[in-house]
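Throughout, residue positions are numbered sequentially from 1 according to the sequence presented.
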Amino acid sequence: MNGTKTGNRKKIVVVFLAVLLGMVILICRLCYLMVFRSEYYGGKAQRLHERERDIKAARGKILDRNGNVLASNRSVCTISVIHSQIKDAEKVIRVLSKELELEEETVRKRVEKYSAIERIRSNVPKETGDKIREYKLAGVKVDEDYKRYYPYDSLASKVLGFTGGDNQGIIGLEVVYDEKLKGTNGKILTLTDAKGVEIEDAGESRLNPIDGNNLRISLDYNIQMYAQQAAEKAMQAKEADSVSVLIMKPSNGEILAMVNLPEFHLNEPYTLPEGTEYKNEEERQNLLNQMWRNGCINDTYEPGSTFKVITASAALESGVASLQDNFYCPGYKIVEDRRIRCARTSGHGAENFTQGLENSCNPVFIELGMRLGVDQFYKYFKQFGLLARTGIDLPGEARTIMHEKKNVGQVELATISFGQSFQITPVQLATTISSLINGGKRVTPHFGVQVEDQEGGVVEVFDFEPTAQIISEQTSETMRGLLEKVVSEGGGSKAYIEGYQIGGKTATSQTLPRSAHRYISSFMCFAPAPDPQVLCLVIINNPQGVYYGGTIAAPVAKELFLNILPYLGIERAPVAEEKEKEEAA
């Protein structure tokens, strides 16, 4: 009996000690949570009763070199609903479907959805948002937002690019410099009860947004307008498929204008041209992608005779040819089993190096290619930067499409020497020729100049300084003189402007297959020839009727230079009549 009592007492003591130990552990745990972890769990409890909404930051502007605004923002609204706060669902559905011009069923699905916050529509005009706000509908939120706006709509559309629904960059400079432009969104925090209903007297806290920085670019609005108007005129006159114009500073690679006709409407970037047909969404997207393509950087083509500038530079730099060398053109040149014609089938006869360039004579350049040989030609390809991308600050730049060196025979070498059987981007050609005439320094083509804050203060300056010396200053000077004669005395005469020293080179090439008889007419020129301040490349794709570059592309460049050179302050030398008047006076 006593043993049983003693055993029971021991059990009671053990249970008591166990309970006491548990209580001590629980008290210690509570003390730990209340003292050492109070901030953490208090924050979690706070967040359970907070509702968070974004305050959109204004995206930075894109400015041209003179401060003209090329991309800015317009105030719009985002309309959302909070299910737990709606008091009259039918009225909310009726009002929103009417003011937002949406189907009632679409609005109903979102209004009746159990979620913390449900977006009904973004990018709503501010006037519409203000009107909805006036209804004072419980559970309906009207938040200020921004929509990208392009004052000149289609101007430089494939350069500037556009933004998506959340104001993030999609193509062009908008995507390349997205981090500089986008800013940091703010927050609106409101307190709710256990049912998710906002507590009226609790107010709200705000974390203000930080607007994005502005981007200043090298593009000049006026020069872009000159170029676009000239391109539109040429495209219409020649019923061409497309026209590209690239204008840059050879000294540092700054791009002053880049036109890719047809352009598209930046304020409606998902609208295809009227009359465009497509079978499904995939086909529509492919058509949009094609519409957004920047031909100057995304597409390659056979450059034709403009490439002879590069062959001539390599031949002079390497020493395999000189200005005193003489050649003979019977109208063709036999290479292995191929008879490769000159554009002048009757032949140019005897000519020197300078005349060969002026006449754009294929046999002369085939001879130069043969003298260089495959190894040396490819050495200069690499040295001139032709086998790599230019590094332009736009997305999707294509590479030069070139034969592998091991597959280049005499026929391939011959055709490469006068600009056929390989493909290059317009921006690569313009960059390389700029580098060959600017004293020999390789430049990086670019638009970005600097990042500025909202007050115009400089935040960051981009570094696109010229890099390698790709040819000697002497060879560069010689090429400038030779190309000036092409315009003043040779095939580029339709770009000649009395009083200006203009250097240039014409080209006419074909697209594949050759049997389609589709041509590309182009002309490259720069001025003033002794000290180039501006370079222009005009490309006309599939012109109807006359298609020679010297006949239809050179006059476009002349028209451009008649506007651009005075605009840039490049003085015109007095012409003969003006000199006579001055002397008579």
Exercise for the section: Under the side chain to side chain contact (heavy atoms under 4.5 Å, CB included) rule, collect the residues that match up with E179, sequence neighbours excluded. Expected result: K182
Handout entry: More than 12 heavy atoms from other groups under 6.0 Å of NZ on K238
Key = yes
Problem - Separation of Q383 CD from I470 CD1 (nearest 0.5 Å) - result: 7.5 Å
Practice task
Return yes when atom NZ of K494 has more than 12 non-hydrogen atoms of other residues, nucleotides or ligands closer than 6.0 Å, and no otherwise.
Solution key: no
Practice task
Using distance alone, with no hydrogens and no angle criterion, decide if N260 and N294 have a side-chain donor and acceptor under 3.5 Å apart.
Solution key: yes
Practice task
Quick one: pull up OG in S218 and NZ in K249 and give me the separation to the nearest 0.5 Å.
Solution key: 9.0 Å
Exercise for the section: If a pair satisfies salt bridge (Lys or Arg N to Asp or Glu O under 4.0 Å) and one of its residues is in residues 524-542, list it, with sequence neighbours excluded. Expected result: none
Practice task
Kindly indicate whether the side chain of T506, heavy atoms from C-beta on, has any atom under 4.5 Å from the side chain of T508.
Solution key: no
Handout entry: Between OH on residue Y150 and CG on residue L70, distance to nearest 0.5 Å
Key = 10.5 Å
Handout entry: Any donor-acceptor pair under 3.5 Å from D393 side chain to G448 backbone
Key = yes
Handout entry: Expected output: side-chain Q428 to main-chain R399 donor-acceptor under 3.5 Å
Key = no
Exercise for the section: Taking atom CD of E336 as the centre, report whether more than 12 heavy atoms of other residues, nucleotides or ligands fall under 6.0 Å from it. Expected result: yes
Handout entry: Sub-4.5 Å side-chain heavy-atom contact between V364 and F418
Key = no
Exercise for the section: Check for a donor-acceptor pair, side chain of Q376 on one end and backbone N or O of L372 on the other, with a separation under 3.5 Å. Expected result: yes
Exercise for the section: May I ask you to check whether over 12 heavy atoms, not counting those of Y149, lie within 6.0 Å of atom OH? Expected result: yes
Practice task
Ignoring hydrogens and angles, state whether a donor on the side chain of S157 or S154 is under 3.5 Å from an acceptor on the partner side chain.
Solution key: no
Practice task
Ignoring hydrogens and angles, tell me if any N or O in the side chain of R59 forms a donor-acceptor pair with the backbone of E174 under 3.5 Å.
Solution key: yes
Practice task
Evaluate the side-chain proximity of M225 to N563: yes if any heavy-atom separation is below 4.5 Å, no if none is.
Solution key: no
Problem - Closest approach of I416 to S421 (non-hydrogen atoms, all atoms of both residues) - result: CG1-OG, 3.6 Å
Handout entry: F327 side chain near H348 side chain, heavy-atom distance below 4.5 Å
Key = no
Completion exercise
Heavy-atom nearest pair, A240 first then I540, reads CB-CG2, 3.7 Å
Practice task
Would you name the heavy atoms of P269 and W292 that are closest together and state the gap between them?
Solution key: O-NE1, 3.0 Å
Handout entry: N/O donor-acceptor pair under 3.5 Å between D178 side chain and G169 backbone
Key = yes
Problem - Heavy-atom side-chain proximity of H403 to L413 below 4.5 angstrom - result: no
Problem - R572 side chain to E498 backbone, donor-acceptor under 3.5 Å - result: yes
Practice task
Answer yes or no: does atom CD of E460 have more than 12 heavy-atom neighbours from other residues, nucleotides or ligands under 6.0 Å?
Solution key: yes
Practice task
Mind jotting down which residue pairs meet the salt bridge (Lys or Arg N to Asp or Glu O under 4.0 Å) criterion with at least one end in residues 261-275? Sequence neighbours excluded, please.
Solution key: none
Problem - E317 and S472 side chains, donor-acceptor separation under 3.5 Å - result: yes
Exercise for the section: May I ask you to decide if G439's main-chain N or O and Q469's side chain share a donor-acceptor pair within less than 3.5 Å? Expected result: yes
Practice task
Scan K61, R216, K180 and name whichever one has a side-chain hydrogen bond (donor to acceptor under 3.5 Å, both in side chains) with E452.
Solution key: R216
Handout entry: CD on E559 to SG on C536, rounded to 0.5 Å
Key = 11.0 Å
Handout entry: Lys/Arg N to Asp/Glu carboxylate O, R371 vs E367, below 4.0 Å
Key = yes
Exercise for the section: Say whether, by atom type as modelled, one donor and one acceptor occur between the side chain of R518 and the main chain of N542 under 3.5 angstrom. Expected result: no
Handout entry: Exam field: side chain R389 to backbone E397, donor-acceptor pair closer than 3.5 Å
Key = yes
Problem - Interatomic distance, I539 atom CD1 to L261 atom CG [nearest 0.5 angstrom] - result: 12.5 Å
Show me, pair by pair, the donor-acceptor contacts under 3.5 angstrom made by side chains of residues 306-314, not counting sequence neighbours?
residue	atom	partner	partner atom	Å
T306	OG1	P303	O	3.0
K308	NZ	S305	OG	3.1
K308	NZ	S360	O	2.8
K308	NZ	S360	OG	2.9
K308	NZ	N362	OD1	2.8
T311	OG1	S417	O	2.8
S313	OG	V309	O	2.8

Problem - Main-chain N/O of P250 paired with N438 side-chain donor or acceptor, under 3.5 Å - result: yes
In a table with atom names and distances, give each donor-acceptor pair under 3.5 Å that connects a side chain of residues 227-237 to protein atoms at least two apart or in another chain.
residue	atom	partner	partner atom	Å
Q228	NE2	E232	OE2	3.4

Problem - Between Q423 and T300, a side-chain donor and acceptor under 3.5 Å - result: yes
Exercise for the section: Might you work through the side chain to side chain contact (heavy atoms under 4.5 Å, CB included) test for L181 and R148, ending with a clear yes or no? Expected result: CA-CA 11 Å; L181 292 164; R148 205 60 161 158; 4.3 Å; yes
Practice task
Classify the side-chain pair Y567/D220 by whether it contains a donor and acceptor separated by less than 3.5 Å.
Solution key: yes
Exercise for the section: Please name the pair of heavy atoms, one in P543 and one in Y519, separated by the smallest distance, quoted to 0.1 Å. Expected result: CD-O, 3.3 Å
Practice task
Could you tell me whether Q168 atom CD has more than 12 heavy atoms of other residues or ligands within 6.0 Å of it?
Solution key: yes
Problem - Sub-4.5 Å side-chain heavy-atom contact between R442 and T390 - result: yes
Practice task
Run the salt-bridge test on K485 and E358 with the 4.0 Å N-O cut-off and return the result as yes or no.
Solution key: no
Exercise for the section: Quick one: closest heavy-atom pair of M402 and F381, and the distance? Expected result: CE-CE2, 3.0 Å
Problem - Close side-chain approach of F264 to K158, heavy-atom, < 4.5 Å - result: yes
Exercise for the section: Would you tell me whether H265 and D153 have side-chain atoms, one donor and one acceptor, within less than 3.5 Å of each other? Expected result: yes
Practice task
Check whether any side-chain heavy atom of M258 sits under 4.5 Å from a side-chain heavy atom of L219, and report yes or no.
Solution key: no
Exercise for the section: Apply the test side chain to side chain contact (heavy atoms under 4.5 Å, CB included) to residues F447 and L215: give CA-CA distance (whole Å), side-chain angles for both, the deciding distance (0.1 Å), then the verdict. Expected result: CA-CA 10 Å; F447 287 96; L215 173 69; over 6 Å; no
Problem - Taking every non-hydrogen atom, the tightest pair across I502 and C525 - result: CG2-CB, 4.0 Å
Taking only distance into account, with no hydrogens and no angle test, what donor-acceptor pairs under 3.5 Å do side-chain atoms of residues 282-289 form with protein atoms, sequence neighbours excluded?
residue	atom	partner	partner atom	Å
R284	NH1	E281	OE2	3.1
R284	NH2	Y270	O	3.0
Q285	NE2	N289	OD1	3.1
N286	ND2	E282	O	3.4
N289	ND2	Q285	O	3.4

Handout entry: Gap between atom OH of Y332 and atom CZ of R344 - 0.5 Å precision
Key = 15.5 Å
Problem - Residue pair Y177, F462: steps toward the ring-ring contact (aromatic ring centres under 6.0 Å, His included) verdict - result: CA-CA 12 Å; Y177 291 102; F462 299 115; 5.1 Å; yes
